[in-house]
Protein chains: 2
Amino acid sequence: MTTKNVNPNVSVDCVVFGFDNERLKVLLIEQKLSDKEKVQLALPGDLIVDDEGLDEAANRVLFEISGLSGIFLQQYRAFGDPDRVSDIKDLDWLKSYRSNPQARVITVAYMALVKMEDFSPEASSFAERVFWQDIEETPQLAFDHNKILFEALERLRDDFVNYKTGFELLPEKFTLGHIQRLYETILGKDLDKRNFRKKILKEKLVSPTNQKQTGVLHKPAVLYKLNHEKV
Amino acid sequence: MTTKNVNPNVSVDCVVFGFDNERLKVLLIEQKLSDKEKVQLALPGDLIVDDEGLDEAANRVLFEISGLSGIFLQQYRAFGDPDRVSDIKDLDWLKSYRSNPQARVITVAYMALVKMEDFSPEASSFAERVFWQDIEETPQLAFDHNKILFEALERLRDDFVNYKTGFELLPEKFTLGHIQRLYETILGKDLDKRNFRKKILKEKLVSPTNQKQTGVLHKPAVLYKLNHEKV
DNA sequence: TTTCGCAAGTGTAAAATTTACACTAAGTTT
DNA sequence: AAACTTAGTGTAAATTTTACACTTGCGAAA
């Protein structure tokens, strides 16, 4: 916790999606309820402090809870139902660290997508544990966090449908199959290999290197690299 | 003003676009600065109260300031730079009705698009005047309201590019020319008449009636009507 | 009553994009 | 040597997008 005044009415929550070349996951935290044995799962999030911007708050909170930094967090909307924090078990936990747990909290939701291998979350602050959860098996989360997560996923897919994002999630050298698997994972459906390749290559965002995969148990694929970003 | 406790940290701002079959306008309010003669222009907006949802707050605030109700307001993002309310003249005015004008306020921004003829804004609450301002000639607004407005316009155009919205802004009977003018107004560019008609008619959202325009000084156009909404 | 101005209304060809679809190639493992 | 696995490749059909110019019917003006 910081020493600055927290703003008791506004929080940020971060939906950090992670891709491991295989599955789509989301960063969750586990926190102990005050009295009981029970634990609570939630998205990383906390109240903002008075002199920081929302974007700044999102980055700080994510860092304080999970140790992750340098992630581009994109705001996608605010949630503010007066009863979004209403569940008994939620309140029970809230009481343990907030002075006025009844007050309604507006939360501003942020979203990011990262390569899992680049980040090793480590729990701190009030988080007992931080971990990557497979998106297909999302458990019940605290407050309205399931809703916040669901809308983040919708937004993420929207960003992918025009086929121009996501390359930054791949290793430095990658195959076209890797990109396709990424798209199939995010969009949740299969894509035609030939059509996909045509489309990706037409975008001119990647170029072939003169290297190939090694040590794979099939025909080795040509490795591609990302072209220099245009600012 | 309501008698309930206002939340001193969170406000809503409403960007209400109005279309008058000709131009795109935005609803602005004018408020007096405390001491001086000067006036301040702004988007309708105010602090939320403690037991209302954000959507509810947006509708309430818009109603209290302008008398408008029954408008579908869509949230599009939150703004929360700590110094978004920093201008001297802004503060000067703020002091006149807020107990703690220094405090940072997060604002949640809402957007709507309406037929101007359906709504007659009337100033109340702290607004001296409420009026429709042509979007092409937007003046300097209070706080970061120019930015909030600009982003709303971007979002509005995004919603129009797939050609499937906006019909609700037209009169009950309308011509294809009306729709085209609407699209040209929102998108801010000219469209090919034949191609536009093809596209609109293919969507099957409108059907021709057996009536035509009267009293126009050119060939009268067939009037169309909106098909029954599908839920 | 003729002429003029104005927006309505209409079709086609070329280009670009999207979609569906099946076999061979080059490695590793057995 | 056979089996397995993913890489890699081309084409035809369908659909969508784009560019483009003249005639029609009304009211207003001459």
Side-chain angles (χ1 to χ4, degrees), chain A residues 19-23 157-158 160-165 167 170-185 187-226, chain B residues 19-23 157-158 160-165 167 170-185 187-226:
Chain A
F19 181 67
D20 65 356
N21 292 321
E22 181 71 26
R23 307 280 296 170
R157 288 181 171 152
D158 280 353
F160 265 79
V161 287
N162 42 329
Y163 287 79
K164 285 184 183 162
T165 192
F167 297 89
L170 296 166
E172 196 194 352
K173 305 277 176 66
F174 51 86
T175 70
L176 295 182
H178 286 146
I179 312 184
Q180 186 171 350
R181 253 166 279 138
L182 167 63
Y183 271 79
E184 288 175 337
T185 304
L187 297 178
K189 63 177 181 187
D190 290 347
L191 302 170
D192 179 274
K193 184 165 43 161
R194 281 183 283 198
N195 294 338
F196 183 81
R197 287 167 167 245
K198 257 183 285 181
K199 200 149 195 169
I200 293 300
L201 293 176
K202 193 161 36 137
E203 300 291 347
K204 300 252 175 69
L205 296 174
V206 300
S207 322
T209 66
N210 48 16
Q211 299 168 48
K212 292 190 177 185
Q213 273 181 317
T214 57
V216 288
L217 64 162
H218 54 76
K219 174 173 176 178
V222 168
L223 294 171
Y224 283 73
K225 64 180 173 54
L226 198 51
Chain B
F19 181 68
D20 65 354
N21 293 319
E22 181 70 27
R23 308 280 296 169
R157 287 180 172 153
D158 280 352
F160 264 78
V161 286
N162 41 333
Y163 286 79
K164 284 182 184 163
T165 190
F167 298 89
L170 296 165
E172 196 194 352
K173 306 277 176 67
F174 51 85
T175 70
L176 296 183
H178 287 145
I179 313 184
Q180 186 171 349
R181 252 166 280 137
L182 167 63
Y183 271 78
E184 288 175 337
T185 304
L187 297 178
K189 64 178 180 187
D190 290 346
L191 303 170
D192 179 273
K193 184 165 43 163
R194 281 182 285 197
N195 294 338
F196 183 81
R197 286 169 169 243
K198 257 184 284 181
K199 199 150 196 168
I200 293 300
L201 291 176
K202 193 162 35 138
E203 299 291 347
K204 301 256 175 67
L205 296 174
V206 299
S207 321
T209 65
N210 48 16
Q211 300 167 47
K212 293 191 176 186
Q213 274 181 318
T214 57
V216 287
L217 64 162
H218 55 76
K219 176 175 175 180
V222 169
L223 293 172
Y224 283 73
K225 65 180 172 50
L226 198 50

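In the text below, chain A, chain B and the rest are named by the order of the sequence lines, each starting its count at 1.
Side-chain atoms of A:K199 and base atoms of C:dT17 include no donor and acceptor less than 3.5 Å apart. Under 3.5 Å, the side chain of B:K202 and the base of D:dT15 form no donor-acceptor pair of N or O atoms.
The two residues B:T185 and B:E22 have their closest heavy-atom pair at OG1-O, 3.7 Å. B:Y183 and B:L191 make their closest contact through CB-CD1, 3.8 Å (heavy atoms, listed as atom of the first residue, atom of the second, distance). Nearest heavy atoms, A:Q213 versus A:L223: N-CG, 4.0 Å.
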(message) Does the protein touch nucleotides 22-30 of chain C at the base, only the backbone, or not at all? Give it as B, S and - per nucleotide, heavy atoms under 4.0 Å.
(response) B--BBBS--

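We find that CG of B:N195 is positioned 16 Å from P of C:dG9, with the value rounded to whole Å. Taking atom CD of residue B:Q211 and atom P of nucleotide D:dG25, one finds them 19 Å apart after rounding to whole Å. Atoms CG (A:D190) and P (D:dT6) sit 13 Å apart, rounded to a whole Å. Taking atom CG of B:D192 as the reference point, atom P of D:dT16 lies 18 Å away to the nearest angstrom. For A:I179 and D:dG8, the CD1 to P distance is 11 Å, given to the nearest whole Å. Rounded to an integer number of Å, the gap from NZ of A:K198 to C1' of D:dG10 is 8 Å. A straight line from CZ of A:R181 to C1' of D:dT5 spans 12 Å, rounded to a whole angstrom. For A:I200 and D:dA7, the CD1 to P distance is 14 Å, given to the nearest whole Å.
A 6.0 Å sphere centred on CD of B:E184 holds more than 12 heavy atoms belonging to other residues, nucleotides or ligands.
The aromatic rings of A:Y224 and A:F174 lie parallel to each other, with less than 30° between the two planes, well short of the 60° mark.
Side-chain N/O atoms of B:R197 include none lying less than 4.0 angstrom from OP1 or OP2 on C:dA7.
Here the CZ-CZ distance, from A:R157 to A:F160, works out to 10.5 Å after rounding to the nearest 0.5 Å.
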(message) Run the side-chain contact (heavy atoms from CB on, under 4.5 Å) test on B:T175 and B:V222 for me, step by step, so that the C-alpha distance in whole Å, both residues' side-chain angles and the decisive distance to 0.1 Å come before the verdict.
(response) CA-CA 6 Å; B:T175 70; B:V222 169; over 6 Å; no

